[in-house]
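Here is the structure we will look at, set down as structure tokens.
Proteins get letters first, then strands, A, B, ... in listed order; numbering begins at 1 in each.
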There are 2 protein chains.
Amino acid sequence: MSDVARMAGVSKMTVSRVLAGHSVALATRERVQHAIDELGYVADAAAGALSSGRSEFVAVLVPSLASSNFSDTVRGLAAALEPQGLQLLLGDTDYDLQREERLVRSMLRHQPRCIALTGAQHTAATRTLLRRSGIPVVEMWDLPSDPIDTAVGFSNVKAAREMVRYLTERGYRKIGFLGGASDLDRRGLERLKGYQQEIRAQGLGEPRIVRLGDSPITMSHGGPAFDALLARWPDTDAVMCVSDMSAFGAIMQCHRLGLNVPGDIAVAGFGNFEVAACTHPSITTVSVDAHGIGFRTGETLLAALAGDGVQGSRKSVKIDYTVIARESA
Amino acid sequence: MSDVARMAGVSKMTVSRVLAGHSVALATRERVQHAIDELGYVADAAAGALSSGRSEFVAVLVPSLASSNFSDTVRGLAAALEPQGLQLLLGDTDYDLQREERLVRSMLRHQPRCIALTGAQHTAATRTLLRRSGIPVVEMWDLPSDPIDTAVGFSNVKAAREMVRYLTERGYRKIGFLGGASDLDRRGLERLKGYQQEIRAQGLGEPRIVRLGDSPITMSHGGPAFDALLARWPDTDAVMCVSDMSAFGAIMQCHRLGLNVPGDIAVAGFGNFEVAACTHPSITTVSVDAHGIGFRTGETLLAALAGDGVQGSRKSVKIDYTVIARESA
DNA sequence: TTGAAAGCGTTACCAA
DNA sequence: TTGGTAACGCTTTCAA
């Protein structure tokens with residue numbers, strides 16, 4: 001910066017002001033800009049953050065960057081925050097609470113202005129770290145009963161119950177559920193819980209549950225899980241899956257077995273992933289506005305920063321979901 | 001840090017040493033650690049970076065975080081770099097060179113130790129910025145003729161030619177290509193080029209090319225593109241797609257049209273995405289080690305940092321690819 | 001509209 | 001093994 005200042009014949013302060021877009025005489029500004037371009041000067045954000053006492057980072061943690069659900073959420077966040085000059089500090093927890101804690105610790109060292117994480121489940125140490133940091137926190141994709149600060153999400157339990165109701169309205173009675181075996185995927189567990197509640201509430205007999213494989217649930221989940229379900233309960237007439245990925249695998253398995261979907265058996269997914277619309281038959285699913293979760297989170301965070309910039313809003317932003325009726329159920 | 005030092009009855013320097021893992025008497029270290037835990041002290045990375053002159057950031061730019069190909073690459077990078085205490089600074093260029101330039105500029109402000117970007121195509125300003133920064137640069141997913149520094153990738157042209165050879169060896173002669181309409185997806189264009197070269201080389205008549213839609217190519221690409229291909233060249237016996245996403249869409253369209261794959265028409269993809277293995281019929285494709293590209297990139301960067309930490313290695317790391325024969329072609 | 005000085009929280013360096 | 005001091009490159013604050 002001193003070099004630029006010397007070349008433009010001004011003080012460092014003027015260079016700083018030009019960079020920050022503060023008022024500077026036009027002629028001066030042009031001279032400074034010219035010097036910047038000439039020298040290829042790039043300001044040091046770390047020095048700026050140290051001096052001003054605030055960084056331009058926003059920390060974001062999702063379970064899996066590979067899942068289109070969460071990458072949509074990240075895009076929504078970016079759409080809301082990047083125009084404000086904020087930098088996303090992205091992390092992938094891999095559905096691992098310990099890893100989440102490590103990432104939070106590491107990100108907090110960069111003094112982010114605020115932080116968005118996924119889910120309501122965190123280690124005690126994570127919660128302590130976040131509270132002590134004092135910065136605005138948003139938990140996404142769920143509506144925790146005991147939020148750290150703000151939440152932007154929806155009830156996975158209720159959404160799953162709605163899907164069961166959709167299926168029973170269509171006349172299905174012997175409804176199975178395909179989910180993951182791991183307890184780390186809380187949202188998956190909530191969906192399972194919703195399924196169980198609604199099956200019980202409607203008196204549809206014992207729940208037919210297959211839990212298989214690790215999170216994230218991938219396309220290769222559906223086939224084996226479907227086989228396991230039919231092996232145990234051969235008269236099942238509809239299958240509800242914890243995610244569209246699994247539903248897709250189940251439908252492909254039906255193709256292989258020569259089963260007609262939904263004629264012989266109906267299949268429903270969750271999440272409205274791209275594959276759901278493109279598969280033949282197209283997959284009935286619960287559509288969640290993943291991008292919207294990110295964007296609303298971004299807006300919420302911006303509002304908190306525009307205020308006092310500390311945590312404590314304790315708002316809950318509810319995100320809509322809807323059952324999308326397609327061909328498979 | 002002063003607070004911690006006071007509480008532990010030592011100087012700030014000793015606290016710094018404990019944090020950095022330098023040699024400190026055990027008793028002292030324990031007292032300091034206790035004070036750190038007690039106070040919930042989190043060191044300021046920005047101050048550390050400023051003082052030491054080096055950050056712990058690695059900048060990474062991919063065209064799309066949502067594409068499992070690139071998210072696998074990011075995971076590979078994280079696997080190689082996070083154990084070294086490096087923080088990924090992730091950006092999503094959205095296949096937009098201007099956006100890439102903005103992101104590079106913004107990331108360079110954080111003084112990353114090194115940077116990995118995707119592809120060989122960048123704006124002139126981006127190239128200048130990167131050269132002037134002096135930090136090690138890796139271009140991934142391609143083997144540029146004029147690399148900025150190091151490259152880790154493979155020839156998309158050659159890989160596509162290999163797929164055409166696979167198809168002709170299987171007896172297919174009237175082979176079409178489904179790709180995107182945008183010239184921004186350079187790797188897609190290279191694949192198209194490889195297709196054309198090999199069709200010409202084998203004297204298979206005029207190339208049958210459909211270019212439709214924007215990058216990234218999604219599952220909804222394949223159906224309409226497939227229809228366009230058959231409308232123009234009804235006797236086509238095999239379709240080669242720029243990506244598995246498109247191939248999947250094409251196969252679903254075949255299901256709808258009652259066409260047997262590969263009996264009536266063969267379909268091949270590119271990338272070995274998860275969907276390729278799970279679709280019925282499973283999709284013949286070119287498998288690229290996306291995770292390996294990330295991991296090798298990480299290793300390359302670590303080697304550069306362990307050396308002088310500046311750009312100029314000019315290596316080219318070739319990544320393997322193979323045609324995976326499955327049911328669809 | 002511009003400049004000078006102080007200081008942000010850490011680490012490098014040298015000294016004890 | 002530990003401590004004191006001087007940076008690091010910027011922004012804040014106050015003065016001109």
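- Within 4.0 Å (heavy atoms only), A:G53 reaches no atom of the nucleic acid at all.
- Heavy-atom nearest nucleotides on DNA chain D were determined for B:Q111 and for B:T28, and the one closer to the 5' end corresponds to B:T28.
- In this structure, A:A43 reaches the sugar-phosphate backbone alone: every heavy-atom distance under 4.0 Å involves primed, P, OP1 or OP2 atoms, never a base.
- In this structure, A:R109 atom CZ and C:dT10 atom P are separated by 9 Å, rounded to whole Å.
- Ion pairing of A:E190 with A:R186 is absent here, as no side-chain N (NZ or NE/NH1/NH2) approaches a carboxylate O to less than 4.0 Å.
- Here the CG-CG distance, from B:D96 to B:L184, works out to 7.0 Å after rounding to the nearest 0.5 Å.
- The residues B:E82 and A:R99 are annotated as salt-bridged, a charged nitrogen and a carboxylate oxygen being separated by less than 4.0 angstrom.
- Put simply, CE on A:M1 is 15 Å from C1' on C:dA4, counting in whole angstrom units.
- The side chain of B:Y41 approaches C:dT10 more closely than any other nucleotide in the set C:dG3, C:dT10, C:dC13.
- Residue B:S2 places no side-chain atom within donor-acceptor reach of the base of C:dG9, judged by atom type and a 3.5 Å distance cut-off alone.
- With respect to the salt-bridge test (charged N to carboxylate O, under 4.0 angstrom), the residues A:K12 and A:D3 do not qualify.
- Across the protein-nucleic acid pair, B:M13 atom CE and C:dA16 atom P stand 17 Å apart, rounded to whole Å.
- In summary, contact between chain B and DNA chain D, defined as any nucleotide atom under 4.0 Å from a heavy atom of the protein, begins and ends at D:dT1 to D:dG9 in the 5' to 3' direction.
- By the 30° and 60° cut-offs, the orientation of the rings of A:F57 relative to B:F57 is tilted.
- Note that SG of A:C114 and CG of A:L81 are 6.5 Å apart. Values are rounded to the nearest 0.5 Å.
- A straight line from NZ of A:K12 to P of C:dT2 spans 18 Å, rounded to a whole angstrom.
- Of the two residues contacting DNA chain D, namely B:L50 and A:R17, the nearest-nucleotide position lying further toward the 5' end is that of B:L50.
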Worksheet item: Passes side chain to side chain donor-acceptor pair (under 3.5 Å), B:E101 versus B:T123? Steps please.
Response: CA-CA 7 Å; B:E101 182 183 321; B:T123 67; 2.8 Å; yes

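- Residue B:S52 has no polar side-chain atom (N or O) positioned under 4.0 Å from OP1 or OP2 of C:dT11.
- For the pair A:T14 and C:dT1, the criterion of a side-chain N or O lying under 4.0 Å from OP1 or OP2 is not met.
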